[in-house]
Amino acid sequence: MKKRYLAIAFLAALQSVGCSKFDEINKNPETPEKVKSSMIATRVIIHIANQPGQKDFMRPYFLTKAITWGEMADQNYQFNSLGTQTMSLVGLNDVQYMVDYAGTEKLKSSYKALMHFARAFRFYELTMALGDIPYKDALVGESDKVYFPKYDTQKDVFLGILNELEQADALFAAGDKFEGDPMFAGDLTKWRKLTNSFALSILIQLSKKADDADLKVKERFNTIFTSKPIFASNADNFQLIRSDKSGQAYPFYKVGNNNLIYPIVSDEIIDRLKATKDRRLFYYAKPSPVKISGGMNATNYDAYVGVSPSLTYGDLATVRASNDYSKLNDRYTEIPTGEPTQQYSYAHMCFVIAEAATRGWVAQSDVEWYKKGIEAGMKFIVDNTPNTSQFHQGMPMDQSYITTAVNAYGATFPTALDKKIEAIITQKFLASFLQGRITPYYDYRRTGYPKWKINPASSLNVDAPDKIPTRWRYPAVEFEQNGANVGEALQRQYSGTDDPNQLMWILK
């Protein structure tokens, strides 16, 4: 009995002090107890801005014909097969809490602006890939119990995206500098510039709908250009600056990278640069070992050999065996910081404005904005490359060269409208080497430029081997879990068939 009372007394004492002790012991000092708006903001921004590493980093550039990949015959993007597009919106699931947890009304305004920008960015990616998508009913499963979202028409999606970007600009203007921003350190002016410049890029993709009374494409473009802050230099680029820290290095840096032997610089890039004696060639590529061993100097344009991504795999294997081709410049593999990886840049925006000026949307000189885009692209390369022969083959682009080259491009700018569009889109493509991901593909399917080579013998686009598909197919999970709504969208757009070669609304 005595032992029993002692045990009971011990347990009672333990209960009186033990809970607080156990709670204290089980707290992880490395784990925050409360989520902050800044934490969510960091994740949202990185989700938008970051790019995968190694082969996955290169994959979009198979589609844009900048890189020929020599590994195997199933590189679908290289051989014009797009497959399906994931519709996951996981990165946006909790963006509202970023607003809810903000401490002041001005911070709420800033985080709400970021929420609208992130939504616009992701929904833009989805509708550009697929056409009609869920928009109004998306992301309301928890709040409104909508588990099977209806598909909005692509027109309504674009109206929503453009309106969200307008809201984002107004909210950033009314907000305060915010924490958790690895891109612009919470600088609201920088975010306004990005928001409005991104809207210009979206509007140019709507060029076939320029006269739509609801979208007001030309009016919106002119309003943004004349009255709102937009990018003014490369310092405004939406880009991740890389470092030599673990997980932050350039995505194709050599350490741990088993894919260094596969990328070949495409002839779609090399031949165009050689034709105009453009020194960007010496920063993008290395000379062919065969040409160097044959006596050519690395400063000779003819020492650079591009390989067409349209070759059959058998022909590509023969070229690889010959060793007579240009690999990537060492700046992409030997420097851990590489160059910043862009999602959207000042150079890109300059070409957008040049095209808008050519189409008569703004009262500006198209050739001057064309020249600004080329100059910005060249300066970005120079500013992010060590000035040594290893990285420019002894053919550096100093300011004197850049000025001369830009003026030469300006002097040969065409006079016919269609030729102007071709020149602008081609230079936009050349400035996008390993930058901006699949934007050149969007320009190609909208304008037909650049004129990429297509080889039916190597094409995996079974139903139209002489064409590059115009869209991705909806993912299988949509047919399994939301079949009625995706079926209705297919019927409305593509006569009921999930055909990758049919035109979505913005392309008609």
Side-chain angles (χ1 to χ4, degrees), residues 41-42 44-50 106-107 109-125 161-206 217 219-241 339-357 361-362 364 368-370 372-377 379-380 383-384 428 431-432 435-437 439:
T42 301
V44 167
I45 294 168
I46 292 297
H47 182 76
I48 293 171
N50 199 17
K106 280 187 170 289
L107 282 176
S109 182
S110 298
Y111 286 120
K112 191 173 184 180
L114 178 59
M115 176 188 74
H116 282 300
F117 177 83
R119 281 175 51 89
F121 193 95
R122 183 62 181 131
F123 283 117
Y124 170 74
E125 287 185 326
I161 289 169
L162 292 168
N163 289 337
E164 289 207 59
L165 289 174
E166 283 188 13
Q167 292 178 66
D169 178 59
L171 288 163
F172 278 132
D176 264 345
K177 182 177 181 179
F178 62 96
E179 295 182 347
D181 176 13
M183 301 294 289
F184 299 133
D187 186 329
L188 299 182
T189 299
K190 294 275 191 182
W191 277 101
R192 289 193 69 195
K193 288 181 176 181
L194 170 60
T195 298
N196 294 317
S197 301
F198 180 53
L200 295 181
S201 181
I202 291 175
L203 289 164
I204 209 69
Q205 292 297 331
L206 292 167
V217 172
E219 295 88 341
R220 286 179 190 263
F221 196 102
N222 192 58
T223 297
I224 292 170
F225 178 77
T226 58
S227 64
K228 295 187 177 183
I230 59 175
F231 286 169
S233 72
N234 284 334
D236 296 324
N237 289 349
F238 187 46
Q239 61 188 22
L240 272 183
I241 297 174
E339 63 183 12
T341 50
Q342 303 168 348
Q343 290 285 33
Y344 191 59
S345 69
Y346 171 65
H348 180 117
M349 187 203 71
C350 289
F351 293 119
V352 166
I353 295 171
E355 183 181 343
W361 297 2
V362 289
Q364 292 285 306
E368 289 304 313
W369 280 102
Y370 171 75
K372 285 180 182 180
I374 297 170
E375 182 176 19
K379 284 185 174 180
F380 171 82
D383 290 344
N384 291 286
K428 191 177 176 185
S432 299
Q435 296 288 357
R437 309 196 75 199
T439 297

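Asp169 is not listed as a side-chain neighbour of Trp191, based on a closest heavy-atom distance of 4.5 Å or more. The shortest distance between side-chain heavy atoms of Thr439 and Arg437 does not fall below 4.5 Å.
Taking the six-membered ring wherever Trp is involved, the centroid distance between the rings of Phe172 and Phe117 does not fall below 6.0 Å.
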Would you check, one step at a time, whether the test ring-ring contact (aromatic ring centres under 6.0 Å, His included) holds for Phe198 with Phe238? CA-CA 10 Å; Phe198 180 53; Phe238 187 46; 8.5 Å; no
Passes side-chain contact (heavy atoms from CB on, under 4.5 Å), Trp369 versus Met349? Steps please. CA-CA 9 Å; Trp369 280 102; Met349 187 203 71; 4.3 Å; yes
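Taking NZ from Lys428 and CD1 from Ile374, the interatomic distance works out to 13.5 Å, rounded to the nearest 0.5 Å. For the atom pair NZ (Lys112) and CG (Leu171), the distance works out to 6.0 Å, reported to the nearest 0.5 Å. The structure places CD of Glu166 at 11.5 Å from OG1 of Thr195, a figure rounded to the nearest 0.5 Å. Distance check: Ser109 OG to Leu114 CG gives 11.5 Å after rounding to the nearest 0.5 Å. Atom CZ of Phe225 is separated from atom CD1 of Ile353 by 5.0 Å, given to the nearest 0.5 angstrom.
Here Glu125 pairs with Arg122 in a salt bridge; the nearest charged N to carboxylate O distance falls below 4.0 Å.
Side-chain atoms of Tyr344 come within 3.5 Å of backbone atoms of Ser197 as a donor-acceptor pair (strictly under, hydrogens ignored). Side-chain atoms of Asp181 come within 3.5 Å of backbone atoms of Gly186 as a donor-acceptor pair (strictly under, hydrogens ignored). In terms of modelled atom types and a separation under 3.5 Å, the side chain of Gln435 and the main chain of Pro340 share a donor-acceptor contact.
Within a 6.0 Å radius of CD in Gln167, other residues, nucleotides and ligands contribute more than 12 heavy atoms. Few gaps surround NZ on Lys228; more than 12 heavy atoms of other groups in view lie less than 6.0 Å from it.
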